[in-house]
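Comments concern the structure below.
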Number of protein chains: 2
Amino acid sequence: MVLPRAAKTQRRTRIQEEKEERILEAALEVFATNGFRGSTIDQIADVAGMSKPNLLYYFRTKEAMHRALIERVLDTWLDPLRAFDAEGNPVTEIRSYIRRKLEMSRDFPRESRLFANEILQGAPHIEDELVGPLKQLVDEKAQVIRAWAKAGKIAKCDPYHLIFSIWATTQHYADFDVQVRAVLGEDLAGEGRFEDAARFLEQLFLHGLTPQGG
Amino acid sequence: MVLPRAAKTQRRTRIQEEKEERILEAALEVFATNGFRGSTIDQIADVAGMSKPNLLYYFRTKEAMHRALIERVLDTWLDPLRAFDAEGNPVTEIRSYIRRKLEMSRDFPRESRLFANEILQGAPHIEDELVGPLKQLVDEKAQVIRAWAKAGKIAKCDPYHLIFSIWATTQHYADFDVQVRAVLGEDLAGEGRFEDAARFLEQLFLHGLTPQGG
DNA sequence: TGATAATTTGACCGGTTGGTAAACATTATG
DNA sequence: CATAATGTTTACCAACCGGTCAAATTATCA
């Protein structure tokens, strides 16, 4: 039989499991740094240490590879937002959301860049995810934030733009890493920059720049 | 003569002026939405309404096109930061810097995406600009901010991360426009979103989320 | 106007890219 | 161990891509 994947068999082979894993890992590396159009199957094959036709045996097209990767990553990517707890203390929740997002930028920068590339180029492959599940999740959390503001537990503000600004400030350290390093210079650009960022962002979101706020 | 551009002539022809303008405008459109590798000369030629060899008559390579574009755009892109005035009122300065950056995201989203694409993919073509002129400018302004903090005019904070967070939050509305629109939905995603963003960011940077701050 | 330079185009080239076909190798299973 | 299913590779193709070339066209100006 020439047909790939579980077309006939019910369960996935051990080899399938392993190889698809290796391919998606390689695809993440390549897509994240080159974007979809800028990436080639050969590059991914190289990184994965496999031949190009072998890759295409597991994923019939480049698009299929990309789709599978996005699906797999999107879920965990939204975990921090899902963890946002309506019952918790507002300040604590926001603070730990920022911290978690920043940790993700530090620990999973490739995933961040994968999405950044995709969205930057008009989200041609994930627009459905954006207007569907993502919007729904954000709407839900925006309601929570609005309730907190109404109850006077945090300042009155637009919850959507609050979420945007948390995304922007935290993902910046993954997506614009090269620029951050360049500007900070060799001495400041060590791993300590994430702790500095965390400290700064906490102050910013809790007190802003008004003196004596920290 | 077959040699392009002002190789022999001193002044640039009117035609040269016009065509190079048209090409760079088209290049901005294409590079901003596809990144360097993802863009083709044919695409740019299409948008410019010229033939491919004609484009290559004015810019010998795709790289030359990209370089010329970046050089032209980088300068005006940094204008808002340059306008940052050490003598001015700190709060006013920061507030108008944010406003100006947000206006640039609204009025020149393609320029923002051009840089975002470039930096996201490791800044292979502009790294020198980053560690050189950009770092120098930021260092200079960081000193100004630090002085303000020391004088107690604004809260003590890391000036670099402050600048990063202003960049991140404002450019987000250009770079991640598709996502912003998707999340806000049709009713909220009108042009008013920039005013909402401005209001939110002003509050954020001046007072944070502490109640009664606005 | 005519000569000369500047501009534009169609045909083309070598290398790359996404993807296929088929032969070959390996593994699972009766 | 036979044999069918699964996995891998080599060779290949057509489309695309960056770039060249020479010929044709248009603008400039003495």
Side-chain angles (χ1 to χ4, degrees), chain A residues 1-27 29-31 33-69 121 124-125, chain B residues 1-27 29-31 33-69 121 124-125:
Chain A
M1 252 304 160
V2 188
L3 278 183
R5 259 145 323 169
K8 283 209 152 179
T9 52
Q10 272 73 359
R11 298 195 304 118
R12 289 150 61 109
T13 320
R14 169 185 52 84
I15 292 185
Q16 274 172 28
E17 210 91 42
E18 284 177 14
K19 291 295 167 70
E20 289 181 8
E21 176 65 33
R22 257 172 64 189
I23 292 171
L24 289 182
E25 158 66 26
E29 184 72 29
V30 174
F31 282 136
T33 50
N34 299 105
F36 182 76
R37 279 217 53 184
S39 303
T40 72
I41 302 183
D42 283 289
Q43 284 177 333
I44 301 175
D46 262 9
V47 174
M50 307 167 61
S51 68
K52 180 170 65 168
N54 202 174
L55 249 75
L56 290 164
Y57 171 75
Y58 291 101
F59 298 94
R60 262 191 283 268
T61 64
K62 191 172 124 177
E63 289 219 348
M65 238 173 280
H66 193 252
R67 202 176 318 122
L69 179 60
Q121 308 196 354
H125 305 98
Chain B
M1 252 302 157
V2 187
L3 278 184
R5 258 144 325 166
K8 282 208 151 180
T9 51
Q10 270 73 0
R11 296 193 306 117
R12 291 150 59 110
T13 320
R14 170 185 52 83
I15 292 184
Q16 274 173 26
E17 211 91 42
E18 283 177 16
K19 291 296 166 69
E20 289 181 10
E21 176 65 33
R22 256 172 66 189
I23 293 171
L24 289 182
E25 157 67 26
E29 185 72 30
V30 175
F31 282 136
T33 50
N34 299 103
F36 181 77
R37 278 218 53 185
S39 303
T40 71
I41 302 183
D42 283 290
Q43 284 176 329
I44 301 175
D46 263 9
V47 174
M50 307 165 61
S51 67
K52 180 170 64 168
N54 203 174
L55 249 75
L56 290 164
Y57 171 75
Y58 292 100
F59 298 94
R60 262 191 284 267
T61 66
K62 191 171 122 176
E63 290 220 346
M65 238 174 279
H66 193 252
R67 201 176 320 123
L69 179 60
Q121 309 198 353
H125 305 97

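Chain identifiers are assigned alphabetically (A, B, ...) following the order of the sequence lines, protein sequences preceding nucleic acid strands; residue numbering begins at 1 within each chain.
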message: I need the NZ-C1' distance between Lys19(B) and dT26(D), as an integer number of Å.
response: 10 Å
message: Rounded to whole Å, how long is the line connecting atom CZ of Phe31(A) with atom C1' of dG18(C)?
response: 12 Å
query: Under the side-chain contact (heavy atoms from CB on, under 4.5 Å) criterion, do Arg22(B) and Lys19(B) qualify, and how do the steps go?
result: CA-CA 5 Å; Arg22(B) 256 172 66 189; Lys19(B) 291 296 166 69; 3.5 Å; yes
message: With rounding to the nearest 0.5 angstrom, report the CD to CD1 distance, Glu29(A) to Ile44(A).
response: 11.0 Å
query: Where is the tightest heavy-atom contact between Val47(A) and Ala26(A), given as atom of each residue plus distance?
result: CG1-CB, 3.6 Å
message: Measure CD/Glu17(A) against P/dG7(D) and give the value in whole Å, please.
response: 11 Å
- line: Interatomic distance, CE@Met65(A) vs OH@Tyr58(A), rounded to 0.5 Å, equals 12.5 Å
field: Euclidean distance, atom CZ of residue Arg60(A) to atom C1' of dT20(C) [Å, nearest integer]
entry: 13 Å
query: Can you pull the salt bridge (charged side-chain N to carboxylate O under 4.0 Å, His left out) pairs that have at least one residue in residues 36-51 of chain B, sequence neighbours excluded?
result: Asp42(B)-Lys52(B)
Got a list of protein N/O to nucleotides 9-15 of chain D N/O distances below 3.5 Å?
residue: dT9(D); atom: OP2; partner: Ser51(A); partner atom: OG; Å: 3.2

- request: Please report, rounded to the nearest Å, how far the P atom of dA6(C) is from the CD atom of Glu18(B).
  value: 17 Å
- line: Sorted by number, residues from residues 35-47 of chain B placing a heavy atom under 4.0 Å from DNA chain D are Ser39(B), Thr40(B), Ile41(B)
- prompt: Stepwise, does the side-chain contact (heavy atoms from CB on, under 4.5 Å) test hold for Gln121(A) with Thr33(B)?
  reply: CA-CA 5 Å; Gln121(A) 308 196 354; Thr33(B) 50; 5.9 Å; no
message: Once rounded to the nearest 0.5 Å, what's the spacing between atom CG of Asn54(A) and atom CZ of Phe59(A)?
response: 11.5 Å
task: Enter the distance from Ile23(B):CD1 to Tyr57(B):OH here, rounded to the nearest 0.5 Å.
output: 11.0 Å
statement: When rounded to whole Å, the CG to P distance for the pair Leu56(B) and dT7(C) reads 15 Å
query: How close do Phe36(B) and Lys62(B) get, heavy atom to heavy atom, and via which atoms?
result: O-NZ, 3.1 Å
task: Counting heavy atoms from C-beta on, name the nucleotide in dT7(C), dG7(D), dG19(D) closest to the side chain of Gln16(B).
output: dT7(C)
statement: In whole angstroms, the gap separating C1' of dT8(D) from CD1 of Ile23(A) amounts to 12 Å
